[in-house]
Student: 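This structure is in structure tokens; I'll ask about it shortly.
Only this structure's heavy atoms are used, side chains among them; waters, hydrogens and symmetry mates stay out. Proteins come first, then strands; the chains are lettered A, B, ... in the order of their sequence lines, and each starts at number 1.
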Amino acid sequence: MDKAQIARMLEEIGVLLSLKEDSNVYEQRAYENATRALNGLDGDIEQLVKDKKLKGTPGLGPTIIKRIEEAINTGTISFLDELRAQTPAIKLQMLRLPGIGPKKINAIYDHLKVTSMAELEQACKENKVAHLPGFGKKTQDKILEGIDFLSKHTERHRINVAEHEAEQIRAALATLSEVVRLEVAGSLRRRRETVKDIDIVLSVADNADDAIRMKIMDFFTSQPSVATITGKGTTKSSVVLHSGIAVDLRVVTDSHFPYTLHHFTGSREHHIPLRRRAQNMQMTINDYGLFKIVEGKEELVPCQTEADMYAALDMQYVPPELREDMGEIEAATRYALPDLITEHDLQGIIHAHTTYSDGKNTLKEMAEACIERGYSYIGITDHSKAAAYAGGLTLQELEEQWAEIDRLNAEYAGRFRILKGTECDILRDGSLDYDDEILARFDFVIASIHSNFQLSETEQTQRMIRAIENPYVNIIGHPTGRILLERAGYAINLEAVIDAAAEHGVCIEINANPARLDLDWRYVHRARDKGIKVPIGPDAHTLAGLDDMRYGIGVARKGWLRASDVPNTMDAETLLRFFQERRNKKK
DNA sequence: GCCGTTTTCGGCCCGACTGTTTTCAGTCG
């Protein structure tokens, strides 16, 4: 029983509580908070429980600690089992319908006793739902639309897909002369790995009238990417794009812009403690302002930017990526937030493929594309021989690649450098796909798992740790193997992997491919705290793949990384020395 | 269910929007 499993149980309790007839939203929220508190804890949960270390953790009170102990001792939480037994599956399914929440779900269930979405759809078509107390025709239609929508669309979208759509719309809106400020907000601005919808906040001059607002809304809802308009007013309009992503546009006067941008950037979890802090300082925050309460009256605290808002709350500016209630508020009040890495800090690329294995572009094309993008080196890492599916390189092919690299490096004469790397398969038993004599000839080695995903967590973790112990390994590639929205990662104890990497001076990469974004940002923070260096690699198989670095930067920032935590902010010489140091230590 | 620079009880972020009502509950972000 590990932390993640218990956290999932607590989360499920929260969801099931919301569906109880006499539910208490604060009890439900307590379980949500506890879920995050638990996920943020460092160390082995069984040990923490044994040592009675949970007491005092914010968000974990006596009741929930008892439930955690029960989960560890018995493998189950009886309270959760009871809730599961009490909750019909259809209620959980209905929770996914937009505009329908626990109260309406219970009303539908109690009166109509539907047991499936098909039965609910039938009941709507027979006009039964519209006649329930508190319901009407519109709600019934909304349920039908929701059932239709869910059958067509997945719930979330990868960041690159959402960002592309958002950028098209943002660029179009930016052409309007009435627009003063314009920004994409929401989880996209926070650089979450997947997003549910796109939020855009736009400001007009403070004296702009409704006609100007409506002109903007008309322009927005008539964009070619818009499939359906789901709401349209002078302050807010909502659409669904052909790609299935929902987009909300909010139009405010420019003096409201920072407050509205902040509000719609979220996260909700960040706002709750932030507003509590405001309250303690006799202030209140809403979508339209930050107010000081003086003799019972609200006085606007004038802010030009979000930074002004945080300053008014006597705290450091919190960059959007950190707004997840993962310790940033407490750190900001101590003015102790890290100076986060930016794309500008990167000097080179580590982890890219060429036509020698499964890449689509040649060595030279990849190098030239890096030069164009302002990088001073690229670490080429084609697959190793076991990766037959990906055209892994034999020793003979390695010799050819190395010769070509030497030739090109001579041509570049120090202006640019290609590093000889490999993405070497970690074999089933944790040994590497090349012998040490070959590994020693690379400038650096990334070790990755590409096979035997089905091993048990213990076996997979041991396999990974054995690879980490190999003195030639510099970096662990995509440590969980997850493919976002498609495939969960293989079972592995990431904490144990992080501890082993810290002990042996091995880096763990942030794979910047938007389908991976692995190491997950929630663990990046933890790895950093253990002193692990975290390179950002695009895992590029094409020239365009090199542009994925931006997503890796987002994950790095979400993981609180500074430039000094990321090896590819070093110049080539320093980086090579850094990689070499590990081998020297081990010999 | 958690929590405490007035509190161990009585709060818990805040407001807009929608649809159903005739003053408000539910949902959402």
Side-chain angles (χ1 to χ4, degrees), chain A residues 10 13-14 17-18 20 23-37 54-68 79 83 94-108 129-143 145-146 185-190 192 195-201 230-238 246-252 256 259-291 293 298 313 323 325 329:
Chain A
L10 296 179
I13 291 176
L17 278 174
S18 75
K20 266 183 72 165
S23 74
N24 168 358
V25 291
Y26 297 108
E27 183 182 1
Q28 176 204 335
R29 187 176 297 168
Y31 279 94
E32 283 174 15
N33 290 338
T35 302
R36 265 178 312 125
L54 291 183
K55 197 167 170 244
T57 305
L60 300 182
T63 306
I64 291 182
I65 288 177
K66 275 208 196 78
R67 305 226 191 277
I68 294 171
F79 184 54
L83 287 170
M94 284 195 275
L95 210 45
R96 293 174 61 201
L97 293 169
I100 307 299
K103 294 285 178 345
K104 285 207 156 57
I105 288 171
N106 280 323
I108 291 171
V129 173
H131 289 108
L132 297 177
F135 287 66
K137 179 89 172 64
K138 294 240 175 133
T139 306
Q140 180 170 280
D141 288 348
K142 192 189 272 186
I143 292 172
E145 278 169 34
S187 49
L188 196 48
R189 183 164 179 243
R190 299 200 317 276
R192 287 292 285 248
V195 305
K196 192 159 127 283
D197 50 24
I198 296 168
D199 289 291
I200 301 176
V201 180
T230 48
K232 193 171 170 187
T234 53
T235 61
K236 177 188 170 180
S237 292
S238 305
V247 187
D248 286 345
L249 173 66
R250 285 176 175 81
V251 176
V252 296
H256 287 143
Y259 313 106
T260 307
L261 174 65
H262 183 264
H263 181 81
F264 288 106
T265 296
S267 67
R268 182 175 150 266
E269 289 76 13
H270 176 76
H271 283 171
I272 290 172
L274 193 70
R275 289 177 179 193
R276 192 176 301 131
R277 177 176 176 81
Q279 275 190 335
N280 290 340
M281 297 172 71
Q282 277 70 56
M283 290 195 261
T284 179
I285 304 173
N286 64 34
D287 322 11
Y288 297 110
L290 168 64
F291 301 93
I293 301 164
E298 291 185 352
L313 292 165
R323 299 181 197 165
D325 192 25
I329 291 191

Student: Polar atom pairs between nucleotides 15-18 of chain B and protein, under 3.5 Å, N or O only, would you list them?
Tutor:
unit_1: B:dC17; atom_1: OP1; unit_2: A:T235; atom_2: OG1; d: 2.9

Student: Please report the distance separating the C1' of B:dC13 from the corresponding atom of B:dG29, rounded so that it comes out in whole Å.
Tutor: 12 Å
Student: Rounding to the closest angstrom, what is the interatomic distance between B:dG26 and B:dT20 at atom P?
Tutor: 14 Å
Student: Please state how far atom CD1 in A:I108 lies from atom C1' in B:dT20, giving the value in whole angstrom units.
Tutor: 15 Å
Student: With rounding to whole Å, what would you report as the distance between B:dT6 and B:dC2 at their P atoms?
Tutor: 24 Å
Student: Using the C1' atom on both, measure B:dC12 against B:dT7 and round to a whole Å.
Tutor: 14 Å
Student: Rounding to an integer number of angstrom, what distance separates B:dT5 and B:dG1 when you compare their P atoms?
Tutor: 23 Å
Student: What are the two closest heavy atoms between A:P102 and A:S18, and how far apart are they?
Tutor: CB-O, 3.0 Å
Student: Heavy atoms under 4.0 Å, any strand shown: does A:R276 hit a base, just sugar-phosphate, or nothing?
Tutor: sugar-phosphate
Student: Whole Å only: how far is the CZ atom of A:R277 from the C1' atom of B:dC14?
Tutor: 19 Å
Student: Search all heavy atoms of A:Q140 against all heavy atoms of A:V129 and return the closest pair with its distance.
Tutor: OE1-N, 3.2 Å
Student: Between B:dC14 atom C1' and A:Q279 atom CD, what is the distance in whole Å?
Tutor: 9 Å
Student: With A:S238, which residues qualify under side chain to side chain donor-acceptor pair (under 3.5 Å), at least two apart?
Tutor: A:D248
Student: Taking all atoms of both residues into account, what is the closest heavy-atom pair of A:Q28 and A:G14, and its distance?
Tutor: CG-O, 3.2 Å
Student: Can you tell me how far apart CD1 (A:I105) and CG (A:L95) are? Round to the nearest 0.5 Å.
Tutor: 4.5 Å
Student: Roughly how far apart, to the nearest Å, are B:dT21 and B:dA16 at atom P?
Tutor: 24 Å
Student: Can you pull out every salt bridge (Lys or Arg N to Asp or Glu O under 4.0 Å) where at least one residue sits in residues 260-279 of chain A? Sequence neighbours excluded, please.
Tutor: A:E32-A:R268
Student: Tell me if B:dT7 is syn or anti. Syn = glycosidic torsion within 90° of 0, anti otherwise.
Tutor: syn
Student: Where is the tightest heavy-atom contact between A:Y259 and A:N286, given as atom of each residue plus distance?
Tutor: CB-O, 4.3 Å
Student: With C1' as the reference atom in both, quote the distance from B:dC3 to B:dT8 in angstrom, rounded to an integer.
Tutor: 9 Å
Student: Write out a two-atom table: protein N or O, nucleotide N or O from nucleotides 24-26 of chain B, distance below 3.5 Å.
Tutor:
none

Student: Is a side-chain donor or acceptor of A:T265 paired with a backbone partner of A:A185 at a separation under 3.5 angstrom?
Tutor: no
Student: Is B:dG19 paired to anything, Watson-Crick or G-U wobble with both distances less than 3.5 Å, and if yes, which nucleotide?
Tutor: B:dC24
Student: If the C1' atom of B:dT18 is compared with that of B:dT23, how far apart are they to the nearest Å?
Tutor: 15 Å
Student: Going by the rule side-chain contact (heavy atoms from CB on, under 4.5 Å), which residues pair with A:K142 if we only count those two or more places apart in sequence or in a different chain?
Tutor: none
Student: Starting at atom CG of A:L290, determine the distance to atom P of B:dC13, rounded to an integer number of angstrom.
Tutor: 17 Å
Student: For nucleotides 1-9 of chain B, just jot down a letter per nucleotide in 5' to 3' order: B, S or -, based on protein non-hydrogen atoms under 4.0 Å.
Tutor: BSS------
Student: Just verifying a value: how many Å separate A:T235 OG1 and A:Y288 OH, rounded to the nearest 0.5 Å?
Tutor: 5.5 Å
Student: Scan A:G136 against the nucleic acid and name what it touches under 4.0 Å (heavy atoms): base, sugar-phosphate only, or nothing.
Tutor: sugar-phosphate
Student: To the nearest Å, give me how far apart CZ (A:R29) and C1' (B:dC14) are.
Tutor: 10 Å
Student: What is the separation between atom CD on A:E269 and atom C1' on B:dG29, rounded to the nearest whole Å?
Tutor: 10 Å
Student: Without decimals, in angstroms, what is the distance between A:H262 NE2 and B:dC13 P?
Tutor: 15 Å
Student: Locate the shortest heavy-atom distance separating A:R323 from A:S267; write the atom from each residue and the value.
Tutor: O-OG, 3.0 Å
Student: For a quick test of reading the model, state the closest non-hydrogen atom pair linking A:D199 to A:G186 and the distance between them.
Tutor: OD2-CA, 3.8 Å
Student: Please give, in whole Å, the distance from B:dC14 C1' to A:F291 CZ?
Tutor: 11 Å
Student: Both A:R250 and A:Q140 contact DNA chain B. Which one's nearest nucleotide lies toward the 5' end?
Tutor: A:Q140
Student: Carefully, step by step, assess A:T234 and A:V251 under the rule side chain to side chain contact (heavy atoms under 4.5 Å, CB included).
Tutor: CA-CA 7 Å; A:T234 53; A:V251 176; over 6 Å; no
